[in-house]
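Inspection log for the structure reproduced underneath, given as structure tokens.
Every chain is numbered from 1, with letters handed out A, B, ... down the list of sequences. Since this is a predicted model, take the numbers as computed values, not measurements.
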Amino acid sequence: MPRQLLVTSALPYANGHIHLGHLVEYLQTDMWVRFQKLRGNRCIYVCADDTHGTAIMIRARQEGRSEVEVIADMQAAHERDFADFGIAFDNYGSTNSEENRTLCHAIWKSIRAAGLVTEREIEQLYDPEAKTFLADRFVKGTCPKCNSPNQYGDNCDKCGSTYSPTELINPQSTLSGAAPVMKKAVHEFIVLEKLRPFLTEWSQNSGALQPEIANYLAGHFLGDALRDWDVSRPAPYFGFEIPDSPGNYWYVWFDAPIGYMASTQQWCDRNGSQLNDWWKNTNCEVHHFIGKDITYFHTLFWPGMLKTAGYSLPTKVHIHGFLTVDGEKMSKSKGTFVMARTYLNHLDPSYLRYYYATKLTSGVGDLDLSLEEFTNKFNSDIVGKVVNLASRSAKFVEQTGLAKTYPDDGGLFANAAAAGAEIADAYEACDFSRAMRTIMALADAANPFVEENKPWELKKDPAQAERLQQVCTIALNLFRQLAIYLAPVLPKLAEQTGELLNDPIQNWDQSQTPLLGTKVNKFKHMTTRVEPEKLTAMIEESKVEAPAATPTWDDSPEPFAAEPLAPECTIDDFTKVDLRVARVVEAKAVPEANKLVQLTLSLGGEHRRNVFAGIKAAYKPEDLVGRLVICVANLAPRKMKFGLSEGMVVASGPGGAEVYVLSPDEGAKPGQRVH
RNA sequence: GGCCCGGUAGCUCAGUCGGUUAGAGCAGGGGACUCAUAAUCCCUUGGUCGGGGGUUCGAGUCCCUCCCGGGCUACCA
């Protein structure tokens, strides 16, 4: 009996373009959906742009346009990128739609009726110039604990302490630079704690989550009382106003997942279906595909909302890891932060579809895009093994077509037909990597058949015409079988195969019976090999687009904007800080600390300083020994867990691995003061 | 510090309930072939299964421990 499935991918945010990392998810989902449809299941794939929130509002202001214009442009770009990668949504909506507004109202009403909403007045920083409340990350100021300047509103990366933005000393809005004022506002909260027994049961026992995800939730959230979830934002905010809380808007993460339902609603309206047939139907499975970064929205908040409003719970939340390129995080300066459009400018989407398929498993681990492997895999598997079967046999039967009966092939076709069940299991489990391996093993068995039966020699002897047709009928059927199994991954190949053999590929079961007696069209190239030069060109284009690598001084305004200018100071203030040139004479990582390196600095002669610097992620200790740095020499010593820190090494950068220690120009001598 | 995932051939990975001599693809080496997009076919080199200990007739697999990589989370600065 066919299953009924509703499938979603996470909604891309309207603040940026699609890149190769996003595509892991959309391609994974698309392949799974195509598989389900090929199996004859009733399946729809819905998605939408996620459009609300402060970031869009700010962007619109900066660009001097309305939010609606901003999100319309971005949505058009997203849809183009998806379409060009062969990602086939049944409906692609927007969270800024009337359908979504209506559903938000209804779900909110249920949550309220269930007694899960509480109101609390909270005091928040407000930017009087930009006339908006400021989220933590839009406020910077001096840390109340350690007095480090330019810290974000929620925590200090100098001393690690956490606090609320209202505790910051001398806070400034990163939007306008204005000093924020305190303003009280009533916020709406969802009391998640009341749902904890349900969430515990669902997350641990429903089978909807991968085991490591269930463990993560049990270990990090479900062991203690769940905090109330703040789901409202005061005006101005780009989003939907909460009907029974005038002047307040739903926080973007409240209306975003409801966007899955709104998009379904649009599909229903177009296709004469009912929303409840998909979202309130125990026979309908609901599958979400998401990245691990948004786990708790989809495994705590969202099921809580659905449960309360009486909708189906997710049958499965399929969580995948991040994309790395050649083993490293995507990097703009290295050109490995590749936009979908940039890829399309140089390469065929089939390459990426197949590559991701060979790498995807049902696990949450990161997926690595190795550029060399990317080239080799497609060329040797798809071009060399699969398509080659057709290209070496089709032309011999252009005149005769396929034989009327299927000849003895030594069990090759039957064997590959039997493997269909295993391949289908692998697809179903999202273990595409296993599916691809199994398929390629079949391709490996098919080529020797052609080799042994030598159609090119049979062709020379007119008496062998029938045998020639038989051999090619077998080769082309083995090829077609592979094309069917690969159809979810390579839809274009399946289509071309249908055209070649005059029988469209529409159902998985076509792999179980040989195709006989059809005409064979003239063989046309089905794909081209991956050319390494094009891959290089794509990386180069990505580099050019990255601000960090532009050869001219087209410096981004971001770093400056990231830290508001400190209040004016006098020359006397400045001279209070005694900066000295120092040589690193010894450096060792502090093993028990994540960030610290212990430095011994020489200020010349016998002057030695012991300094702890939070630069472990950016510098190897051995690379620091011998180099000159600038040190704050009159900083009050600070007792730390690992010893006394007698100064500070001056560096720029946001922290983590991006820390840039300052050096004086050549000729500077340890001990010299910096004026 | 806590938790999660991983470590098997140069690379990417299989390896079921513990069961013969640990496998595949790619890459490398040698040969064959010429229908095919320099594709294909045959042969072949290559492993202390991260280290150590334990359970067992038998451990890549189970247990303990340590090391390494990645991630999440906390704390300290």
Using atom [atom1] in both nucleotides, what's the gap between [N] and [M] to the nearest angstrom?
| N | M | atom1 | answer |
| --- | --- | --- | --- |
| B:A39 | B:C26 | P | 12 Å |
| B:A32 | B:U20 | C1' | 34 Å |
| B:U12 | B:G70 | P | 15 Å |
| B:A24 | B:G31 | C1' | 22 Å |
| B:G7 | B:U16 | P | 12 Å |
| B:U73 | B:C66 | C1' | 23 Å |
| B:G29 | B:A9 | C1' | 15 Å |
| B:C41 | B:G51 | C1' | 43 Å |

Aromatic rings [X] and [Y]: how do their planes relate, parallel, tilted or perpendicular, breaks at 30° and 60°?
| X | Y | result |
| --- | --- | --- |
| A:His22 | A:Tyr26 | tilted |
| A:Tyr427 | A:Phe35 | parallel |
| A:Trp229 | A:Phe301 | parallel |

Distance check: side-chain N/O of A:Lys377 vs OP1/OP2 of B:C13, anything under 4.0 Å?
->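 For B:C13, OP1/OP2 do not have a side-chain N/O of A:Lys377 under 4.0 Å.
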What is the distance, rounded to the nearest whole Å, between atom [atom1] of [X] and atom [atom2] of [N]?
| X | N | atom1 | atom2 | answer |
| --- | --- | --- | --- | --- |
| A:Asn376 | B:G28 | CG | P | 9 Å |
| A:Arg434 | B:G25 | CZ | P | 19 Å |
| A:Leu442 | B:A24 | CG | C1' | 13 Å |
| A:Tyr354 | B:U12 | OH | P | 16 Å |
| A:Leu360 | B:A14 | CG | P | 13 Å |
| A:Asp381 | B:C26 | CG | C1' | 8 Å |
| A:Leu369 | B:U12 | CG | P | 13 Å |
| A:Lys292 | B:U73 | NZ | C1' | 13 Å |

Does a side-chain N-to-carboxylate-O contact under 4.0 Å join [X] and [Y]?
| X | Y | answer |
| --- | --- | --- |
| A:Lys395 | A:Glu398 | no |
| A:Lys292 | A:Asp366 | yes |
| A:Arg467 | A:Asp461 | no |

Does the side chain of A:His19 reach to within under 4.5 Å of the side chain of A:Tyr343, using non-hydrogen atoms?
->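 No, side chains not in contact.
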Could you say whether A:Asp366 or A:Ala443 is positioned toward the 5' end of RNA chain B, judged by the nucleotide with the nearest heavy atom to each?
->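 Checking each residue's closest nucleotide, the 5'-ward one belongs to A:Ala443.
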Using Watson-Crick and G-U wobble pairs with both distances under 3.5 Å, what is the 5'-to-3' dot-bracket string of RNA chain B, with [ ] for crossing pairs and | for pairs outside the strand?
-> (((((((..((((.....[...)))).(((((.......))))).....(((((..]....))))))))))))....
Using a 4.0 Å cut-off on protein heavy atoms (strictly under), produce a 5'-to-3' string for nucleotides 33-38 of chain B with B for base contact, S for backbone-only sugar-phosphate contact, and - for none.
-> -SBBB-
Going 5' to 3' through nucleotides 3-11 of chain B and flagging B where a protein heavy-atom sits under 4.0 Å of the base, S where only the sugar-phosphate is that close, and - otherwise, we get -S-------
Contacts of type salt bridge (charged side-chain N to carboxylate O under 4.0 Å, His left out), residue A:Glu193, not counting sequence neighbours |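 Result, salt bridge (charged side-chain N to carboxylate O under 4.0 Å, His left out) vs A:Glu193: A:Arg196.
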Return yes if a side-chain donor-acceptor contact under 3.5 Å exists between [X] and [Y], otherwise no.
| X | Y | answer |
| --- | --- | --- |
| A:Asp368 | A:Thr324 | yes |
| A:Tyr406 | A:Gln470 | no |
| A:Gln598 | A:Asn610 | yes |
| A:Tyr355 | A:Thr375 | no |

Could I get the full list of ring-ring contact (aromatic ring centres under 6.0 Å, His included) partners for A:Tyr356, not counting sequence neighbours?
->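 So A:Tyr356 forms no ring-ring contact (aromatic ring centres under 6.0 Å, His included) with any residue.
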Within a reach of under 6.0 Å around CD of A:Glu428, are more than 12 heavy atoms found that belong to other residues, nucleotides or ligands?
->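 Correct, the count exceeds 12.
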Remember a base hit wins even if backbone is also touched, and classify A:Lys454 as base, sugar-phosphate or nothing at under 4.0 Å, heavy atoms.
->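 It contacts nothing in the nucleic acid.
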May I ask you to say what A:Asp444 touches in the nucleic acid, namely base, sugar-phosphate or nothing, with a heavy-atom cut-off under 4.0 Å?
->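 Here A:Asp444 touches the backbone only, sparing every base.
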Is the Lys NZ or Arg CZ of A:Lys377 less than 6.0 Å from the centre of A:Tyr354's six-membered ring, within 45° of the axis?
->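 Ring-cation test returns no.
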What are the residues of residues 412-420 of chain A, sorted by number, that bring a heavy atom to within less than 4.0 Å of RNA chain B?
->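 Here the set is empty: none.
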